[in-house]
Amino acid sequence: MECLRSLAQLLPRAVGLPRRTLCALALGLTPGTRSVAACGRAAELLGRRWAAQLGGPRRLPAAGEIHRFRTSDVSQATLASVAPVFSVTKFDKGGKVTSFERKKTDLYQELGLQARDLRFQHLMSITTRNNRIILRMEYLKAVITPECLLILDYRNLNLEQWLFRELPSQLAGEGQLVTYPLPFEFRAIEALLQYRINTLQGKLSILQPVILETLEALVDPRHSSVDRSKLHILLQNGKSLSELETDIKIFKESILELLDEEELLEELCLTKWSDPQVFEKSSAGIDHAEEMELLLENYYRLAEDLSNAARELRALIDDSQSIIFINLDSHRNVMMRLNLQLTMGTFSLSLFGLMGVAFGMNLESSLEEMASLPKKTLQADRRMEVKHSFRPDGLGSSRGVLTNR
């Protein structure tokens with residue numbers, strides 16, 4: 001027992017690892033607790049550490065080294081526990097569908113990829129790595145191998161109908177794909193590109209009639225005023241059209257990058273390099289890179305047609321806006337002319353009123369004569385009263401004379 005205790009104390013010093021690390025490695029080497037790969041990695045770590053100790057001068061590990069080693073172990077364990085999980089749908093050459101969930105670390109190890117290959121940072125990208133095609137089309141993420149097609153995280157994206165009804169038959173060669181006699185990766189790429197083009201075409205077919213109807217209502221000469229609700233609808237549709245034009249532009253640029261590089265076209269032909277018979281057939285006369293170039297050029301032309309249709313709609317919106325602005329300018333000119341006429345009339349009335357105020361006291365008018373008539377009548381009545389008030393004794397005559405005077 002004492003020997004075992006002393007061995008437990010001397011073993012960490014001999015190997016140069018902390019006691020906790022040795023315990024973890026011992027558990028990793030136990031067949032019932034860890035897998036074979038983990039046991040191999042643990043043995044390799046011990047072997048490298050022991051070789052380093054034998055090859056170099058022996059020294060005791062510092063406290064900082066032990067702390068760094070423990071911190072790295074904890075961080076790796078934490079990263080492994082929070083690794084994202086992909087919902088994977090697998091399609092083989094015969095159209096058979098299987099669904100499963102797999103951690104990101106396990107998935108890229110199985111596919112022979114690296115962690116950065118499954119980040120899907122760009123909205124539209126088609127890249128190759130280790131005889132695999134990594135494809136991203138907005139929310140559609142896929143990995144193509146010579147044997148199968150993997151669709152990642154398809155849930156809550158309204159892809160069930162296309163994934164489980166149309167795509168299996170297309171990959172099995174029962175659909176209307178042009179590349180059905182070619183290897184599997186051609187059918188997979190064509191199916192994905194066709195789905196993307198159909199999605200863009202569907203968005204355009206929804207926007208086009210609504211925009212044309214709104215423009216017809218706004219430019220109608222029977223309506224003298226512009227309906228603000230129609231303008232609001234046109235503004236929203238114009239924004240959606242701009243987003244669609246951006247998506248089409250990104251799709252075209254991604255395909256054009258592949259067409260400009262011959263090496264990328266060669267790398268897209270996966271079966272050519274994995275199957276020797278296919279390589280011999282291609283060298284005999286069937287050029288797979290040329291077939292891939294024709295396939296990409298076909299979808300580039302389809303995207304160009306969609307871009308032209310969207311550009312025509314944009315031109316119609318701009319022309320209609322010019323017509324609306326011209327009508328608004330004419331209405332504004334009418335209002336300005338009416339405002340000017342009213343201003344001139346008001347100024348004329350004010351000017352005549354000012355002249356009347358300035359010269360009104362020196363002007364003769366019939367109104368003044370009509371106002372003086374009641375005064376003369378009153379004086380005559382008074383004279384008649386005086387005449388009738390005379391008495392016969394003669395006293396009143398003298399008063400009347402005096403009054404007349």
> What residues, two or more places apart in sequence or in another chain, satisfy salt bridge (Lys or Arg N to Asp or Glu O under 4.0 Å) together with Arg337?
Replying inline: none
> Given side chains that start at C-beta, do those of Tyr154 and Leu140 come closer than 4.5 Å, heavy atoms only?
Replying inline: no
> Side chains of Leu200 and Arg196: closer than 4.5 Å at any heavy-atom pair?
Replying inline: yes
> So do Arg119 and Lys104 actually touch side chain to side chain, heavy atoms under 4.5 Å?
Replying inline: yes
> So which heavy atom on Phe186 is nearest to which on Cys269, and how close?
Replying inline: CZ-SG, 4.0 Å
> Are side-chain heavy atoms of Leu234 and Leu215 found at a separation under 4.5 Å?
Replying inline: yes
>> Evaluate Glu245 against Arg311 for salt bridge (charged side-chain N to carboxylate O under 4.0 Å, His left out), listing each step before the verdict.
In response: CA-CA 8 Å; Glu245 289 177 344; Arg311 195 179 300 113; over 6 Å; no
> Rounded to the nearest 0.5 Å, how far does CG of Leu256 lie from CD of Glu297?
Replying inline: 10.0 Å
> Any sub-3.5 Å donor-acceptor pair from Asn308's side-chain atoms to Glu304's backbone N or O?
Replying inline: yes
>> Would you compute the distance between atom CZ of Arg314 and atom OG of Ser307 and round it to the nearest 0.5 angstrom?
In response: 11.5 Å
>> Measuring from atom CD of Gln170 to atom OG1 of Thr179, what distance do you get when rounded to the nearest 0.5 angstrom?
In response: 9.5 Å
> Of the options Leu259, Leu268, Asp287, Asn298, which is the one that meets Glu293 in a side chain to side chain contact (heavy atoms under 4.5 Å, CB included)?
Replying inline: Leu259
> At what distance, to the nearest 0.5 angstrom, does CG of Leu107 lie from CG of Leu113?
Replying inline: 7.5 Å
> If you count the non-hydrogen atoms of other residues, nucleotides and ligands that lie under 6.0 Å from CD in Glu110, is the total more than 12?
Replying inline: yes
> More than 12 non-hydrogen atoms from neighbouring residues, nucleotides or ligands closer than 6.0 Å to CD on Glu262, yes or no?
Replying inline: no
>> Run the side-chain contact (heavy atoms from CB on, under 4.5 Å) test on Thr98 and Asp92 for me, step by step, so that the C-alpha distance in whole Å, both residues' side-chain angles and the decisive distance to 0.1 Å come before the verdict.
In response: CA-CA 9 Å; Thr98 55; Asp92 59 3; over 6 Å; no
> Checking side chain to side chain donor-acceptor pair (under 3.5 Å) for the pair Thr127/Arg136: CA distance, chi angles, key distance, verdict?
Replying inline: CA-CA 9 Å; Thr127 57; Arg136 169 76 183 270; over 6 Å; no
> Taking all non-hydrogen atoms of both residues, which atom of Gly95 and which atom of Ala172 are closest, and how far apart?
Replying inline: N-CB, 4.2 Å
> Which residues pass the salt bridge (Lys or Arg N to Asp or Glu O under 4.0 Å) test with Lys141, sequence neighbours left out?
Replying inline: Asp153
>> Can you tell me how the ring of Phe164 sits relative to the ring of Phe91, calling it parallel under 30°, perpendicular over 60° and tilted otherwise?
In response: tilted
> If you measure from NZ on Lys272 to CE on Met292, what distance do you get to the nearest 0.5 Å?
Replying inline: 10.5 Å
> Does Arg129 have any salt bridge (Lys or Arg N to Asp or Glu O under 4.0 Å) partners at least two apart in sequence or in another chain, and if so, which?
Replying inline: Asp117
> What's the verdict on side-chain contact (heavy atoms from CB on, under 4.5 Å) for Leu149 and Ile151, showing C-alpha distance, side-chain angles and the deciding distance?
Replying inline: CA-CA 7 Å; Leu149 167 65; Ile151 303 294; 4.2 Å; yes
> With a 4.5 Å limit on heavy-atom distance, are the side chains of Tyr300 and Lys252 in contact?
Replying inline: yes
> Is any side-chain heavy atom of Lys203 closer than 4.5 Å to a side-chain heavy atom of Asp247?
Replying inline: yes
>> Please check this pair: side chain of Glu190 against backbone of Val178, looking for a donor-acceptor N/O pair closer than 3.5 Å.
In response: yes
> Around atom NZ of Lys93, are there more than 12 heavy atoms of other residues, nucleotides or ligands at under 6.0 Å?
Replying inline: yes
>> Atom CD of residue position Glu213 - does it have more than 12 heavy atoms of other residues, nucleotides or ligands inside 6.0 Å?
In response: no
>> Set out, in order, the CA-CA distance, both residues' side-chain angles and the distance that settles salt bridge (charged side-chain N to carboxylate O under 4.0 Å, His left out) for Arg165 and Glu160, then state yes or no.
In response: CA-CA 8 Å; Arg165 293 184 182 180; Glu160 286 81 4; over 6 Å; no
> Is there a side-chain contact (heavy atoms from CB on, under 4.5 Å) between Leu313 and Leu204 once you walk through the steps?
Replying inline: CA-CA 10 Å; Leu313 276 180; Leu204 183 61; 3.9 Å; yes
> More than 12 foreign heavy atoms under 6.0 Å from CD of Glu290: is that the case here?
Replying inline: no
> Does any N or O in the side chain of Asp106 come within less than 3.5 Å of the main-chain N or O of Arg102, such that one atom is a donor and the other an acceptor?
Replying inline: no
>> Can you tell me how far apart CZ (Phe251) and CE (Met137) are? Round to the nearest 0.5 Å.
In response: 5.5 Å
>> Please give me the minimum heavy-atom distance between Phe120 and Leu135, naming the atom from each residue.
In response: CE2-O, 3.9 Å
> Does atom CD of Glu216 have more than 12 heavy-atom neighbours from other groups under 6.0 Å away?
Replying inline: no
>> Under a 3.5 Å distance rule, please check whether Ser125 uses its side chain to pair with a backbone N or O of Gln121 as donor and acceptor.
In response: no
> Is there a side-chain contact between His288 and Pro183 (heavy atoms, below 4.5 Å)?
Replying inline: yes
>> What verdict does the side-chain contact (heavy atoms from CB on, under 4.5 Å) test give for Phe184 and Arg187, after you've listed the backbone C-alpha separation in whole Å, the side-chain angles of each residue and the deciding distance to 0.1 Å?
In response: CA-CA 5 Å; Phe184 175 76; Arg187 299 197 298 271; 3.5 Å; yes
>> If you apply the rule side chain to side chain donor-acceptor pair (under 3.5 Å), what do you find for Glu185 with Thr271, and how did you get there?
In response: CA-CA 8 Å; Glu185 64 269 14; Thr271 312; 2.6 Å; yes
> Does any non-hydrogen side-chain atom of Ile144 lie less than 4.5 Å from one of Arg132?
Replying inline: no
>> Can you confirm whether more than 12 heavy atoms, excluding those of Phe352, are under 6.0 Å from its CZ atom?
In response: no
